[in-house]
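The next block holds one structure in the form of structure tokens; read it before the comments.
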Amino acid sequence: MKNKGYSLSGLVVMMLLLLPGCNIINPEETIPTRIHLKPFEFQFQPGQGMGPQRISEVWVYANSNYLGTFAPPVDIYFLGEGPTQFSFRPGIRNNGILSDAIIYPMYTGYTETLEASPGAVFEVAPVTRYRPEAFFSLLADFEMSNEFVDNRDTVSASMVVRSTTDVFDGEYSGHIRMTPEASFIEVGHAVPMSGLPTDGKPTYLELWYKSEIEMSIGILGINLGGQSFSNFFYLVRPSAEWNMLYIDLTEFIRLSDFPAYKVLFRSLYPANATAPEYNIFLDNIKVVHL
């Protein structure tokens, strides 16, 4: 009987211990703050050109703590409470490579302080612009004139012209027609760019394009004696829709260290062509650096 008494007491103790233990095994879940992050709005200043930008990712921080990288529009969940400073840094696909998303050094970030609490819901519409120290060495939107008239090939029929045939932004785009007569083109802008940073500060070529054929992008370095040296380093695949590229020129400029440069485009009418002509359209071409 004594043993049975101890067993009954032990059973009661175990039952009492298990009652509060349910909260340990299945703790009450904390309801997070939900932030609905909208895509970045871009604000241009005079002398910076126009046209949409292609901000594909956003780096998000809460009081300087990294929360993750997201593609807006997206809902972000945060478990902290109280006044919290959220920072949003706009990012791009560096050199058009899907696996190389970076915070774009030319754009400003956006911050907003929110009162985080369980179940709170906020909508954030971030705004960005070019950084105040950003400098534009080339702006070519084809609205008032055509900058790309330095034809470096020997084919007189091949050229860039201002066109209203297919325009991404505004009234005009740059148009290249590749035909059996215009079988090869290598063209740059008329006025060389000087003062590009050779100390490793970020330098980018931005452009929108739409193309039925491959084209190459290069830079032309010009020395003090007027001699020029070209380097074609980027192959652009055909795109049936308008697409934007951010091409990193930083290392090319740093290593080559010329006093002046031009941006070059090159294309070739294919030997196995199945169409009488192939079209390339260009718009909002910029070289921007810090």
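For clarity, every value in this text was computed on a predicted model and none was experimentally measured.
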Next item on the list: Among residues two or more places apart or on two chains, list those pairs meeting salt bridge (charged side-chain N to carboxylate O under 4.0 Å, His left out) that have a residue in residues 249-261.
Entry: E251-R254
Note to self: I'd like to know if the side chain of T128 reaches the main chain of G109, judged simply by a donor and an acceptor atom lying under 3.5 Å from each other, with no hydrogens or angles considered.
What the structure shows: no
Note to self: As an exercise, state the distance from CG of L290 to OH of Y130, rounded to the nearest 0.5 Å.
What the structure shows: 11.5 Å
Notebook entry, point to check: Can the ring centres of Y104 and Y246 be said to be less than 6.0 Å apart?
Noted result: yes
Check: Which residues, ordered by chain and number, are linked to I222 in its hydrophobic cluster, where ILVMFWY side chains connect at heavy-atom gaps below 4.5 Å, directly or through other members?
Finding: L220, F232, L264
Check: Any sub-3.5 Å donor-acceptor pair from Y234's side-chain atoms to N95's backbone N or O?
Finding: yes
Item checked: Residue pairs passing the salt bridge (charged side-chain N to carboxylate O under 4.0 Å, His left out) test where at least one lies in residues 182-192, sequence neighbours excluded -> R152-E186, E186-R266
Margin query: Less than 4.5 Å apart, side chain to side chain, heavy atoms only: is that true for Y261 and I253?
Written below: yes
Margin query: Measuring only between side-chain heavy atoms, which start at C-beta, is L196 closer than 4.5 Å to V287?
Written below: yes
Notebook entry, point to check: Which residues, ordered by chain and number, are linked to V149 in its hydrophobic cluster, where ILVMFWY side chains connect at heavy-atom gaps below 4.5 Å, directly or through other members?
Noted result: none
Margin query: Ignoring hydrogens and geometry beyond distance, is a side-chain donor-acceptor pair present between D153 and S158 at under 3.5 Å?
Written below: yes
Checklist line | Neighbour count >12 (heavy atoms, 6.0 Å) for atom CG, L235 | finding: yes
Note to self: Looking only at side-chain N and O atoms, does H189 offer a donor or acceptor that is under 3.5 Å from a partner on D150?
What the structure shows: no
Margin query: I need the full list of salt bridge (charged side-chain N to carboxylate O under 4.0 Å, His left out) pairs touching residues 47-62, with sequence neighbours left out, sorted by first then second residue.
Written below: E57-R93
List, one per line, each side-chain donor-acceptor pair under 3.5 Å for residues 40-48, sequence neighbours excluded.
unit_1, atom_1, unit_2, atom_2, d
Q43, OE1, R129, NH2, 2.5
Q48, OE1, Q45, N, 2.9

Margin query: A quick test of your reading: do over 12 heavy atoms of other residues, nucleotides or ligands sit less than 6.0 Å from OH of Y204?
Written below: yes
Check: Do the side chain of S173 and the main chain of D166 share a donor and acceptor less than 3.5 angstrom apart?
Finding: yes
Check: How far does OG of S216 sit from CD1 of I185, to the nearest 0.5 angstrom?
Finding: 12.5 Å
Checklist line | Qualifying salt bridge (charged side-chain N to carboxylate O under 4.0 Å, His left out) pairs, either residue in residues 277-290, two or more places apart | finding: R177-E277
Check: Taking only residues two or more places apart in sequence or in another chain, which ones pass salt bridge (charged side-chain N to carboxylate O under 4.0 Å, His left out) with E214?
Finding: R237
Checklist line | Set of salt bridge (charged side-chain N to carboxylate O under 4.0 Å, His left out) partners for E147, sequence neighbours left out | finding: none
Next item on the list: Search all heavy atoms of T203 against all heavy atoms of T250 and return the closest pair with its distance.
Entry: N-OG1, 3.0 Å
Item checked: Check: F142 main-chain N/O paired with R162 side-chain donor or acceptor under 3.5 Å -> yes
Next item on the list: Verify whether the ring centers belonging to F168 and F281 lie closer than 6.0 Å.
Entry: no
Margin query: E241: which residues meet the salt bridge (charged side-chain N to carboxylate O under 4.0 Å, His left out) condition with it, sequence neighbours left out?
Written below: none
Next item on the list: If you link ILVMFWY side chains whenever their heavy atoms are less than 4.5 Å apart, which other residues fall into the same cluster as W59? By chain and number, please.
Entry: Y61, Y66, I103
Less than 3.5 Å apart, which donor and acceptor atoms pair up between the side chains of residues 72-90 and the rest of the protein, not counting sequence neighbours?
unit_1, atom_1, unit_2, atom_2, d
D75, OD1, H36, ND1, 2.8
T84, OG1, G82, O, 3.0

